[in-house]
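Below is one structure, written out as structure tokens, with a few remarks after it.
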Amino acid sequence: MEPIVWNDTYSVGINQIDQDHKGLAELINKFAQCAHLGSSDERVINALTGMLDYAIQHFTREEELLVKYSYPGTNAHMESHKQFMERATFASFDAMNGEADIAELISYLHGWWHTHILQEDMAYKEFLLAQGAA
């Protein structure tokens with residue numbers, strides 16, 4: 001699978017969020033580079049765990065902005081984050097047990113990236129920028 005390459009179409013116009021998204025893309029790419037190792041390899045587990053830790057930090061920052069500016073879609077956006085974390089956490093447990101389907105997980109992460117950033121995050125872009133969130 002091709003790596004995620006940041007470009008301006010992914011920008012929500014809020015520097016911290018854009019930096020977080022760049023970091024998530026890098027971590028997804030790093031995880032994808034481990035695909036050949038086998039799901040119980042320590043490097044796979046560390047890459048997945050690092051991505052999860054980073055995602056938690058990013059989701060917290062993003063959700064705080066959505067709440068601060070009373071974005072109408074906050075609850076749905078938070079639910080999307082929750083679903084991602086559940087899926088990725090279960091995959092992490094599976095990896096620790098040597099049972100994760102790494103190729104399927106990489107496909108999921110790439111699909112999630114494009115859907116979440118280009119649709120769900122872009123849905124709040126104009127609203128937050130109009131509120132002065134930049």
Side-chain angles (χ1 to χ4, degrees):
M1 188 162 288
E2 291 294 317
I4 299 168
V5 178
W6 179 266
N7 64 60
D8 288 341
T9 62
Y10 297 123
S11 175
V12 296
I14 301 168
N15 187 52
Q16 180 62 58
I17 300 302
D18 285 344
Q19 292 305 313
D20 284 356
H21 288 164
K22 289 176 186 177
L24 279 172
E26 289 174 18
L27 290 168
I28 291 170
N29 290 338
K30 180 179 177 182
F31 178 68
Q33 292 171 349
C34 298
H36 67 283
L37 297 173
S39 67
S40 62
D41 189 285
E42 186 175 332
R43 291 167 287 185
V44 170
I45 296 167
N46 288 341
L48 185 55
T49 303
M51 184 188 60
L52 284 169
D53 290 344
Y54 193 89
I56 290 169
Q57 294 171 19
H58 163 63
F59 291 161
T60 299
R61 274 191 286 276
E62 193 173 68
E63 291 170 5
E64 286 172 354
L65 271 177
L66 298 177
V67 169
K68 177 180 178 179
Y69 291 103
S70 301
Y71 173 62
T74 298
N75 289 339
H77 204 86
M78 291 171 78
E79 181 61 28
S80 176
H81 288 168
K82 180 182 170 195
Q83 289 172 3
F84 171 85
M85 290 305 299
E86 287 175 356
R87 176 84 153 79
T89 299
F90 286 126
S92 181
F93 290 136
D94 288 345
M96 289 179 204
N97 293 321
E99 300 171 357
D101 183 341
I102 300 301
E104 190 276 329
L105 182 55
I106 292 167
S107 178
Y108 167 77
L109 292 171
H110 273 259
W112 174 84
W113 166 266
H114 292 288
T115 300
H116 188 74
I117 303 300
L118 293 175
Q119 294 174 15
E120 296 174 16
D121 285 354
M122 289 303 154
Y124 69 62
K125 179 179 179 175
E126 294 304 319
F127 180 86
L128 289 184
L129 292 178
Q131 303 297 315

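In this chain, residues are counted from 1 in sequence order. Owing to the predicted nature of the structure, the values given are computational and were not obtained by experimental measurement.
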Exceeds 12 heavy-atom contacts within 6.0 angstrom, atom [atom1] of [X]:
{"X": "D8", "atom1": "CG", "value": "no"}
{"X": "K82", "atom1": "NZ", "value": "no"}
{"X": "E86", "atom1": "CD", "value": "yes"}

Can you confirm whether I117 sits close enough to T9 that some side-chain heavy atom of one is under 4.5 Å from a side-chain heavy atom of the other?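 Answer no - side chains too far apart.
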
Is there side-chain contact between Y69 and T74, with heavy atoms separated by less than 4.5 Å?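 Y69 does not reach T74 side chain to side chain.
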
Can you name the nearest heavy-atom pair linking [X] to [Y], along with the distance?
{"X": "H77", "Y": "E120", "result": "CE1-O, 3.5 Å"}
{"X": "I106", "Y": "A32", "result": "CD1-CA, 3.6 Å"}
{"X": "L52", "Y": "A88", "result": "CD2-CB, 3.2 Å"}
{"X": "S11", "Y": "D18", "result": "OG-OD2, 2.6 Å"}
{"X": "I56", "Y": "T60", "result": "O-OG1, 2.8 Å"}
{"X": "Q19", "Y": "Y54", "result": "O-OH, 3.6 Å"}

Assess whether side-chain hydrogen bond (donor to acceptor under 3.5 Å, both in side chains) is satisfied between Q16 and D20, documenting all intermediate values. CA-CA 6 Å; Q16 180 62 58; D20 284 356; 2.9 Å; yes

Atom pair [atom1]/[atom2] of [X] and [Y] - distance to nearest 0.5 Å:
{"X": "H21", "Y": "W113", "atom1": "NE2", "atom2": "CH2", "result": "6.0 Å"}
{"X": "L48", "Y": "I45", "atom1": "CG", "atom2": "CD1", "result": "8.5 Å"}
{"X": "L128", "Y": "K125", "atom1": "CG", "atom2": "NZ", "result": "11.5 Å"}
{"X": "H58", "Y": "M51", "atom1": "NE2", "atom2": "CE", "result": "12.5 Å"}
{"X": "E26", "Y": "I4", "atom1": "CD", "atom2": "CD1", "result": "10.5 Å"}
{"X": "L24", "Y": "F31", "atom1": "CG", "atom2": "CZ", "result": "14.0 Å"}

Describe, in one word, how the ring planes of H114 and Y10 are oriented to each other, choosing from parallel (under 30°), tilted (30 to 60°) and perpendicular (over 60°).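 Plane angle between 30° and 60°, so tilted.
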
For E62 and H81, what are the C-alpha separation, side-chain angles and deciding distance, and is it a side-chain hydrogen bond (donor to acceptor under 3.5 Å, both in side chains)? CA-CA 10 Å; E62 193 173 68; H81 288 168; 2.7 Å; yes

Tell me whether [Y] is reachable from [X] by hopping between hydrophobic residues (I, L, V, M, F, W, Y) whose side-chain heavy atoms are closer than 4.5 Å.
{"X": "V67", "Y": "Y71", "value": "no"}
{"X": "M122", "Y": "L66", "value": "yes"}
{"X": "L109", "Y": "M85", "value": "yes"}

Let's go through F84 and F59 carefully: what are the C-alpha distance in whole Å and the side-chain angles of both, what is the deciding distance for side chain to side chain contact (heavy atoms under 4.5 Å, CB included) to 0.1 Å, and is it a yes or a no? CA-CA 10 Å; F84 171 85; F59 291 161; 3.5 Å; yes

